[in-house]
Amino acid sequence: MPELPEVEVVRAGLEHWVRGRTVDGVAVLHPRSVRRHAAGADDFSARLDRCTVAGARRRGKYLWLELDSGDALLAHLGMSGQLLVQPRERAAERHQRVCIGLGPAERELRFVDQRTFGHLMVDPLIDDARGDSAGVPAAIGHIAPDPIDPAFDDEAFAALLRRKRTEVKRALLDQSAISGVGNIYADEALWRAGLHWARPTENLRRRQVGALLEHVRDVLREALAAGGTSFDSLYVNVNGESGYFERGLKAYGRSGQPCERCGAPIRREAFMNRSSYSCPRCQRAPRR
DNA sequence: TATGTCACCTGTGGGC
DNA sequence: TGCCCACAGGTGACAT
């Protein structure tokens, strides 16, 4: 499931393979993949064709290609999205949704997405209220910087948690508060911090918030160094290769296995229509 | 306004 | 062997 480390690996691959290339033909094979592009698939293709890519950038789980037209090709990989750079003559992927020709090399950028939770859109770059001088696509102006971005403000985040009336994991998954963190790395950071996912944010001490942020950063950086987390073939880099951070997970997906700190069996609990993994001894649930 | 819930979507694996 | 169902989860729309 692409979170910040996985998206960053893809972004770096795109920077290498796509920067300086000119779009040469666009084919939208599945309209749902461009559903966020309000003007429709034809407009998506027309605004993209013949544009030259100036660079690949990212905020949280969103990444975008800067175009010489002043627009950006914005991408979110959702649950199962992949951006692959492949030779044009190579057979289409099984769940190929959008195909973007890249000149002058005989390659193409393929958006492959089994579950179609991901999407692409062409969006104008606007001035960023959060201080990014290069601008951001208008559609993601509400997305906060990620915690390994120098623009991320620890004090502002701590103050926001004090004001909120919610659980700490919900806050970590709130992309308008802190971006790039998904279910996997939220569980990992909370395990490292010894905090239960349901802990009310307003009761967290400033020191605990600081420690939690450092654990979030550590887990993201370690995952990034490992090339991301892959449970199956759904997450791959632009060359179709998987990452290795799954081996470093301490909580997520380890239901029933002993906690590496205390030996208690990791438990799985329902949370927001999904799962949350924690140690019942190291991460005490708050009193209800 | 803030917070919580649910639908969207498809492949996989377990149970029968 | 084949069918059914639960499960995986990021986001936005909608409800409270």
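Chain naming here is simple, since letters A, B, ... match the order of the sequence lines and numbering starts at 1 in each. Bear in mind the structure is a predicted one, so any value in this text is a computation, not a measurement. These numbers come from the heavy atoms of this one structure, side chains and all, not from hydrogens, waters or symmetry mates.
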Partners passing side chain to side chain donor-acceptor pair (under 3.5 Å) against A:Asp42 (at least two apart in sequence or in another chain):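 Residues passing side chain to side chain donor-acceptor pair (under 3.5 Å) with A:Asp42: none at all.
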
Contacts of A:Thr166 that satisfy side chain to side chain donor-acceptor pair (under 3.5 Å) - sequence neighbours left out: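 Scan of A:Thr166 (side chain to side chain donor-acceptor pair (under 3.5 Å), adjacent residues dropped) gives none.
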
Acceptor/donor pairs from residues 98-108 of chain A side chains to any protein atom, 3.5 angstrom cut, sequence neighbours excluded:
{"from": "A:Glu108", "atom 1": "OE2", "to": "A:Arg110", "atom 2": "NE", "distance (Å)": "2.8"}
{"from": "A:Glu108", "atom 1": "OE2", "to": "A:Arg110", "atom 2": "NH2", "distance (Å)": "2.9"}

In whole Å, I'd like the distance from the [atom1] atom of [X] to the [atom2] atom of [N].
{"X": "A:Asp187", "N": "C:dG10", "atom1": "CG", "atom2": "P", "answer": "10 Å"}
{"X": "A:Tyr185", "N": "C:dA8", "atom1": "OH", "atom2": "C1'", "answer": "16 Å"}
{"X": "A:Met272", "N": "C:dG10", "atom1": "CE", "atom2": "P", "answer": "9 Å"}
{"X": "A:Glu6", "N": "C:dA8", "atom1": "CD", "atom2": "C1'", "answer": "15 Å"}
{"X": "A:Leu173", "N": "C:dG10", "atom1": "CG", "atom2": "P", "answer": "7 Å"}
{"X": "A:Ile140", "N": "C:dG10", "atom1": "CD1", "atom2": "C1'", "answer": "15 Å"}
{"X": "A:Phe271", "N": "B:dC6", "atom1": "CZ", "atom2": "P", "answer": "14 Å"}

Per-nucleotide protein contact string for nucleotides 7-14 of chain B, where B marks a base within reach and S marks sugar-phosphate only (heavy atoms under 4.0 Å, - for neither): -BBBS---

Contact list for residues 197-207 of chain A, test salt bridge (charged side-chain N to carboxylate O under 4.0 Å, His left out), sequence neighbours left out: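 Of all non-adjacent pairs touching residues 197-207 of chain A, those that pass salt bridge (charged side-chain N to carboxylate O under 4.0 Å, His left out) are A:Glu155-A:Arg206.
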
Five-pair end axes of the helix from B:dA2-C:dT16 to B:dC16-C:dG2, angle between them (10°):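 For the helix from B:dA2-C:dT16 to B:dC16-C:dG2, the axes at either end differ by 50°.
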
Distance below 4.0 Å between A:Lys164 side-chain N/O and B:dT3 OP1 or OP2: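 The answer is yes; a side-chain N or O of A:Lys164 sits under 4.0 Å from OP1 or OP2.
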
Ring pair (Phe, Tyr, Trp, His ring centres under 6.0 Å) pairs, two or more places apart, involving residues 253-275 of chain A: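 Residue pairs passing ring pair (Phe, Tyr, Trp, His ring centres under 6.0 Å), neighbours aside: A:Trp197-A:Phe271.
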
Pairs flagged by ring pair (Phe, Tyr, Trp, His ring centres under 6.0 Å) wherever residues 204-223 of chain A is involved - sequence neighbours left out: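 Residue pairs passing ring pair (Phe, Tyr, Trp, His ring centres under 6.0 Å), neighbours aside: none found.
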
Selection from B:dT5, C:dA8, C:dG10 that lies nearest to any side-chain heavy atom of A:Ser275: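 Of the options given, the side chain of A:Ser275 lies nearest C:dA8.
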
Options C:dA8, B:dT3, C:dT11, nucleotide nearest the side-chain atoms of A:Tyr277: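 Per side-chain heavy atoms of A:Tyr277, the pick is C:dA8.
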
Contacts of A:His30 that satisfy side chain to side chain contact (heavy atoms under 4.5 Å, CB included) - sequence neighbours left out: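 A:His30 satisfies side chain to side chain contact (heavy atoms under 4.5 Å, CB included) with A:Arg32, A:Ser33, A:Arg97, A:Thr116 once adjacent residues are dropped.
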
Sugar-phosphate, base or nothing in reach of A:Arg35, heavy atoms under 4.0 Å: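 Nothing, no nucleic acid heavy atom in range.
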
Nucleotides 12-14 of chain C: which of its N/O atoms have a protein N/O under 3.5 Å away?
{"from": "C:dG12", "atom 1": "OP1", "to": "A:Tyr62", "atom 2": "OH", "distance (Å)": "3.4"}

Side-chain donor/acceptor of A:Arg217 to backbone N/O of A:Ile148, under 3.5 Å: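 Side chain of A:Arg217 to backbone of A:Ile148, a donor-acceptor pair under 3.5 Å: no, none is there.
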
Backbone of A:Lys250 reached by a side-chain donor or acceptor of A:Glu188 within 3.5 Å: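 Flag set: sc A:Glu188 to bb A:Lys250 pair under 3.5 Å.
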
Residues which pass salt bridge (charged side-chain N to carboxylate O under 4.0 Å, His left out) with A:Asp24, listed by chain and number, not counting sequence neighbours: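 Salt bridge (charged side-chain N to carboxylate O under 4.0 Å, His left out) list for A:Asp24, sorted by chain: A:Arg50, A:Arg88.
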
Salt bridge (charged side-chain N to carboxylate O under 4.0 Å, His left out) involving A:Asp113 - partner list, sequence neighbours excluded: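 Result, salt bridge (charged side-chain N to carboxylate O under 4.0 Å, His left out) vs A:Asp113: none returned.
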
